[in-house]
2 protein chains.
Amino acid sequence: MAMVAGRLGVTPMALYRHVANKADLLDGVVELLLTEFPSPPEGLSWSDRLKVLADNIRASGRRHPSVFPLLLRRPATTPEARKTRNAVYRALSDAGVPQDRIAQVERLVSTAVLGFAVSEAGGRFRHHSRGQIDADFTALQTLLRRFIDAEAEERVT
Amino acid sequence: MAMVAGRLGVTPMALYRHVANKADLLDGVVELLLTEFPSPPEGLSWSDRLKVLADNIRASGRRHPSVFPLLLRRPATTPEARKTRNAVYRALSDAGVPQDRIAQVERLVSTAVLGFAVSEAGGRFRHHSRGQIDADFTALQTLLRRFIDAEAEERVT
DNA sequence: ACCTGAACACCGTTCAAGT
DNA sequence: ACCTGAACACCGTTCAAGT
């Protein structure tokens, strides 16, 4: 609170006119964070859209390691969070995942990507080279890609 | 610090004889946390060992939601953390995953399980029923199971 | 060897008071 | 409508002093 107020050239107490408390302010920061990865370009294939989305989320975590872990503490309830989730829904739908499976598949995929990004941002991979971490993330993406393909297959069967 | 000292019937300052600072104390708490999920019984199949391990980790997160997220902030460097990781290594080896792939597969699997457990402990799934969360975790486990099988397949090919 | 009192620098938050 | 001073209850941490 003190640092934010300082940046604004104001005392900490002035902030309470605009936010209820520190948690409320952090909610706003998380919302801003989500603004960083907009819906991916519509022209791309579903798998490319998912890839850029995942890459953007990860990059966002690298940029804001102290706030980013908060994403694991809140459901995607705000409008900005829903926008991102809906982009994933559309991609999964285009991939051929049956409608009644989409919600769960999204949860699993998002949790895996977020878990990786938070781990990296939090420093759990600090003993690994950047190249190794990149390779891990690529492997995670192909693993999830295969999972989505398998979910889509079952509809045809 | 104050609460820990209180439980011990001592002033906060007394703790600094035994730990360097708060971060050091938390390291000890995390280490204790890892003691909760011991290496799974040797007699089980590799997949069953992995399953009980994952279930135990998740249960531990549910029990200690405030400390558990710290696991995403530290590499498995302490002896107790290594013990758990080695159990996963052995299971993956028994599954037939080639030696040079085991480390990465372990990282991916652990990150996914941990990401889920931290999400649940942090309250990201608070709008979902317990049954739904359980189903999600089961789906995650079979997804990872398939991934490991695929990694093992490639050796034979 | 182990603990404490006093002190320091720092938090988030309230509320009456200012403009 | 917006900001501040003063105050409160709380942190983690140090260090000289106690036993």
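We name chains A, B, ... by the order of the sequence lines, and we start the count at 1 in each one.
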My understanding is that a pair needs two contacts under 3.5 Å, Watson-Crick or G-U wobble. By that rule, which nucleotide pairs with dC15(C)? dG5(D)
Whole angstrom value for the distance that separates P of dT13(C) from NZ of Lys22(A): 8 Å
Testing dC3(D), dT13(D), dG5(D) for proximity to the side chain of Met13(A), the answer is dG5(D)
At under 4.0 Å, does any side-chain N or O of Thr11(A) touch on OP1 or OP2 of dC3(D)? no
Measure the distance from OH on Tyr16(A) to C1' on dG12(C) and round it to the nearest whole Å. 4 Å
Taking atom types as modelled and ignoring hydrogens, do the side chains of Arg107(B) and Gln104(B) form a donor-acceptor contact shorter than 3.5 angstrom? no
Within this structure, what is the CG-to-P distance between Leu8(A) and dC3(D), rounded to whole angstrom? 9 Å
DNA chain D: 5'-proximal contact among Ala14(A) and Ala23(B) (nearest heavy atom): Ala14(A)
Keeping Arg82(B) on the side-chain end and Thr77(B) on the backbone end, is there a donor-acceptor pair under 3.5 Å? yes
Whether His18(B) contacts dA1(C) is assessed here as follows: a side-chain N or O lying under 4.0 Å from the phosphate OP1 or OP2. Is that the case? no
Measure CG/Asp24(B) against C1'/dT13(D) and give the value in whole Å, please. 14 Å
Can you figure out which of dC15(D), dG12(C), dT14(C) approaches the side chain of Ala2(A) most closely? dG12(C)
Could you tell me whether Arg90(B) and Asp94(B) make a salt bridge, using a distance below 4.0 angstrom between a side-chain N and a carboxylate O? no
Nearest whole angstrom, please: distance from the C1' of dC11(D) to the CG of Asn21(B). 14 Å
Side chain of Met1(A) only, heavy atoms from C-beta on: which candidate in dT13(D), dC2(C), dT13(C) is closest? dT13(C)
Between Arg17(B) and Pro12(A), just flag the one whose closest nucleotide in DNA chain C comes earlier from the 5' side. Arg17(B)
Run the side-chain contact (heavy atoms from CB on, under 4.5 Å) check on Asp27(B) and Glu31(B) step by step: do they pass? CA-CA 6 Å; Asp27(B) 280 345; Glu31(B) 193 70 0; over 6 Å; no
